[in-house]
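So the structure is just underneath, and the comments pick up after that.
Each chain gets a letter, A, B and so on, in the order its sequence line appears, and its residues count up from 1. Atom set for the values below is all heavy atoms of this structure, side chains included, hydrogens, waters and symmetry mates excluded.
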Amino acid sequence: MQRGAFAVLVAALLLVHVVPPRGGPDPLLFGVLPWDLAVHVVWLLLAALAVVWMTTRALWPDDPPNGGSER
Amino acid sequence: MTELGPIAVCCAGYFALVLVVGAVAYRRTAADPEDYFLGGRSAKTLVLFMALFGTNVTPFVLLGIPGLAYHEGVGVFGYNAAIVALGIPLTFWLIGRPAWHEARRLGAITPAELYAVRLRSPALGILLFVAFTAYTLPYLVTSVIGVGIAVETFTGGAVSGLLAAAAVLVATVVYTAAGGMRATMWTNVLQGAWFMVFIVVAFVAIADGLGGAEAATTAVRAAAPELLVVTGHPRFATAGWSSWALAISLTVIAFPHMLVRVFAARDQAALRRTCRLYPPALALLWLPVVLIGVWGAAAIPGLEGRASDRILPMMVARFMDPWWQGLGLAAILAAVMSTLDAQFLTLSSMLGRDVLRRLHPEMTPAREVAWARVFALLLAAAVFVVVLAAPASIFAIGTFAFSGYVMLVPTLYLGLVWDRFDARAAIASIVAGNVVLVTAFVVGTDEGGVQPVAWGLGAAILAGVVLARGRAVEATA
């Protein structure tokens, strides 16, 4: 369940990365950040939160994936 | 003291520090391969993160990215940093996590060895060794070219770039050959902290020198407003943007020198915490370097082509005093050496374990380590010879090498999680991906079109999956 929801979140983030809302050189947010840069800074913050979720034990347990398959 | 004095003092101090750390690591490293190549698989979170991040940050980031932002603007941040903040931790989860478990279970020390043993194919091990080496050598060259650019810019040409490159290669190979993985990880902590702190300080100082961040950005808006938007740059057209996102996200886990560091983690908790640290560290480093490059376009206009790779050192030289310039040059050397050491160690370990040991199975562990030290010296000499040829820009070489590593990703992933993916499928995947990649590079693509990496990756996945499924059908019949 959590893996599925996480996959949906990652897909949504990738979609926004590929087709983000674009702007022009005005206005400068906080006087410094143009819109096209600010969008990707916010995107990075959301990605950081997704990584925090990914690194919970529910998604990333200590055990080997699939019980450690031996060939 | 001349202006070169502080620069010389800072760089000499930096070299002395890393050599001392290397000497201490040497005293604590046993002459057995697991201890020498993997530091006894005992890296905790801080050392593991700094080793991975320090290895990951190269002149590609500190020189190539500001150089690219100088011409292409703020889109460079989303094009590279934002996507890898998700991509790198994701690949550590999908590939690094099972690889760590399997490397422990099988006692594998190098990535090529892991897959050769797991898929029961020495031929696959050799092929992986060849592919890893083929793409790591040009990547090594970008680092050393970066040294030359930085030194010549900071010293105003008083010190030759080739002389500096030789000094860096010698210092790096000395502490790496002596102390192995432990030396490279400990020095990476020092080096990573050095360049992170310096970039933040430089960002503040340069902004201050330009009259504040707001004034600096406003100046760009007046002089080159196209640098503050993404639209209109052919490189950032959707197909090119997506292709590069694929390359830059997938390539890092396929760097053999990164995967080996994953093997060195003490436990899964250390890997998890390392992933959490990656996004904020990337933001802290990339936002300043991109903005410095963009501000440079207004402050120091007129740099053409690869000359823009010098923009960061030029901005530091213009807005910071000689002592900070010295610390800045040492920071760039730190970024270079923290990658070079990992690459030397990994390639020499693969030469020892995946080639020499197969030819001489009776070789003792101590002799294997001794040969790895010799290989590190030979690699350093080979890199210096290639640097003498003065190849293309840092970003261009990086693009080629990164694309090549991505061709290995289907094998690195499917070889761990899909039991039907055997050595034949892996070899087919690697060969098909590389053939299509090289063909696409030779034929050429539009700057904003689908890049060679996407075609090559598609071919690698297709060939591997078709062969693996074909085997499954044969088995059922």
(request) Show the numbers, then the answer: is there a side-chain contact (heavy atoms from CB on, under 4.5 Å) between B:W93 and A:V51? (result) CA-CA 10 Å; B:W93 180 52; A:V51 169; over 6 Å; no

(message) Using the side-chain contact (heavy atoms from CB on, under 4.5 Å) definition, which of the options B:Q268, B:R97, B:R272 pairs with A:P61?
(response) B:R97

(message) I want to check a possible cation-pi pair here: A:R22 against B:W241, using under 6.0 Å from ring centre and within 45° of the ring axis as the test.
(response) yes

(request) Give me the contact list for residues 35-43 of chain A versus chain B, heavy atoms only, anything under 4.5 Å, ordered by residue number. (result) A:D36, A:L37, A:H40, A:V41, A:W43

(request) May I ask you to name which of A:L28, A:L13, A:V52 has the most heavy-atom pairs under 4.5 Å with chain B? (result) A:L28

(message) Checking B:Y278 now: which residues fulfil ring pair (Phe, Tyr, Trp, His ring centres under 6.0 Å) with it, not counting sequence neighbours?
(response) B:F49, B:F53, B:F92

(request) Name the region of A:L14, side chain, backbone, both or neither, that has any atom closer than 4.5 Å to a heavy atom of chain B. (result) side chain

(message) With a 4.5 Å cut-off on side-chain heavy atoms, are B:D267 and A:D62 touching?
(response) no

(request) Would you check if the side chain of B:R276 reaches a backbone N or O of A:T55 as a donor-acceptor pair within less than 3.5 Å? (result) yes

(message) I'd like to know if the side chain of A:H17 reaches the main chain of B:A82, judged simply by a donor and an acceptor atom lying under 3.5 Å from each other, with no hydrogens or angles considered.
(response) no

(request) Heavy atoms only, distances under 4.5 angstrom: which of B:P89, B:A85, B:G75 has the most pairs with chain A? Name it, please. (result) B:P89

(message) How close do A:V32 and B:A213 get, counting heavy atoms only, and between which atoms?
(response) CG2-CB, 3.7 Å

(request) Could you look at B:L227 and say if it's the side chain, the backbone, both or neither that has a heavy atom under 4.5 Å from chain A? (result) neither

(message) Using every non-hydrogen atom in the two residues, find where A:L44 and B:P279 come nearest and quote the distance to one decimal.
(response) CD2-O, 3.7 Å

(message) Counting only non-hydrogen atoms closer than 4.5 Å, does B:L106 touch chain A with its backbone (N, CA, C, O), its side chain (CB onward), both, or neither?
(response) neither

(message) Tell me the closest heavy-atom pair linking B:E214 and A:G31, and the distance in Å.
(response) CG-O, 3.1 Å

(request) Looking only at non-hydrogen atoms, find the nearest pair between B:V229 and A:G24 and report the distance. (result) CG1-C, 3.3 Å

(request) Please flag which part of B:R221 lies under 4.5 Å from any non-hydrogen atom of chain A: side chain, backbone, both or neither. (result) side chain

